[in-house]
Amino acid sequence: YERQNVAQRQVFQRLLENEQWEFVGGGWTQHDEANADFAAIIEQLYEGHKYLYDTFRYRPRIGWQIDPFGHSDVTSTIMALFGYDALVINRIHFLLRNKFKKQRTLEFIWRGIDSNNNYYNSNNSSSSSS
């Protein structure tokens, strides 16, 4: 982006504003799910989001985590705390996937858990897990 001329930057900015282009995830990298480190995940998301906001005044709304080996429970919590509206994942247990496929319910709410064992709802507020 930095190497583009002013006209090209303006075209790209219009695409963002018109929601014809979207950054998904927005982290500096995609974090590792097999060895997920809370601080490292937050740092790489922060760095990516800071760049996108400083450069484009843009905040990603969709999380992206397609780790082929599965997902840690911390992912949904962090994505909720970062204010994502949705999260795209790649792998769920095959029995669960088959059940969802038969029911035509492949979209589901994955609620993260905070330190008080409260589930995060999609609107980022907490509710008791009991």
Side-chain angles (χ1 to χ4, degrees):
Y1 179 79
E2 285 82 11
R3 293 183 286 206
Q4 304 302 311
N5 64 42
V6 173
Q8 290 171 319
R9 287 182 184 198
Q10 290 172 340
V11 167
F12 186 75
Q13 191 65 42
R14 275 195 305 276
L15 290 172
L16 275 175
E17 290 167 2
N18 294 333
E19 297 182 351
Q20 295 171 284
W21 185 275
E22 182 173 9
F23 290 101
V24 179
W28 191 251
T29 65
Q30 178 180 295
H31 67 269
D32 183 9
E33 291 280 2
N35 192 15
D37 176 70
F38 195 78
I41 295 169
I42 290 173
E43 184 176 348
Q44 69 84 17
L45 280 171
Y46 171 78
E47 290 296 326
H49 283 216
K50 182 175 181 344
Y51 174 81
L52 292 174
Y53 189 80
D54 290 349
T55 306
F56 306 110
R57 296 294 183 247
Y58 183 86
R59 183 189 69 80
R61 298 176 317 192
I62 308 293
W64 181 264
Q65 186 59 13
I66 58 167
D67 191 310
F69 301 107
H71 308 282
S72 75
D73 57 352
V74 76
T75 297
S76 61
T77 300
I78 291 174
M79 297 297 180
L81 291 171
F82 266 78
Y84 288 110
D85 296 331
L87 171 63
V88 176
I89 61 173
N90 184 48
R91 178 172 283 206
I92 60 174
H93 192 279
F94 75 95
L95 291 175
L96 191 56
R97 185 187 64 239
N98 290 343
K99 176 184 172 185
F100 288 164
K101 199 172 181 180
K102 285 179 186 174
Q103 296 173 343
R104 295 180 172 243
T105 58
L106 284 169
E107 293 183 9
F108 60 92
I109 296 175
W110 182 13
R111 290 185 175 90
I113 300 175
D114 69 13
S115 62
N116 296 316
N117 289 326
N118 293 319
Y119 290 100
Y120 281 100
N121 295 323
S122 57
N123 65 1
N124 294 335
S125 63
S126 302
S127 62
S128 176
S129 59
S130 47

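The residues of the chain are indexed from 1 along the displayed sequence.
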Listed partners of R57 passing side chain to side chain contact (heavy atoms under 4.5 Å, CB included), at least two apart: Y53, D54

Shared hydrophobic cluster, L16 / V24 (ILVMFWY, side-chain heavy atoms < 4.5 Å): no

Shared hydrophobic cluster for I66 and F23 (ILVMFWY, side-chain gaps under 4.5 Å): no

Shortest non-hydrogen contact between Q13 and F56, atoms and distance: NE2-O, 3.3 Å

Which atom of E2 lies closest to which atom of R9, heavy atoms considered: O-NH2, 2.7 Å

G26 to L52 - nearest heavy-atom pair and separation: CA-CD1, 3.7 Å

ILVMFWY cluster, Y1 and L15 together (side-chain gap under 4.5 Å): yes

Tell me which donor-acceptor pairs under 3.5 Å the side chains of residues 94-103 have, and how far apart each pair is, sequence neighbours excluded?
from	atom 1	to	atom 2	distance (Å)
N98	ND2	F94	O	3.3
Q103	OE1	T105	OG1	3.4

Closest non-hydrogen atom pair between R59 and Y84, with its separation: NH1-N, 4.3 Å

Approximate separation, where rounding is to 0.5 Å, of Q10 CD and R14 CZ: 6.5 Å

Pairwise distance CH2(W64) to CG(L87) - rounded to 0.5 angstrom: 10.0 Å

For a quick test of your reading: what N or O donor-acceptor pairs under 3.5 Å do the side chains of residues 39-46 make, sequence neighbours left out?
from	atom 1	to	atom 2	distance (Å)
Q44	OE1	W28	N	3.1
Q44	OE1	T29	N	3.0
Q44	NE2	T29	O	3.4

All salt bridge (Lys or Arg N to Asp or Glu O under 4.0 Å) counterparts of E22, not counting sequence neighbours: R61

Verdict with supporting geometry, H49 and F82, side-chain contact (heavy atoms from CB on, under 4.5 Å): CA-CA 10 Å; H49 283 216; F82 266 78; 3.8 Å; yes

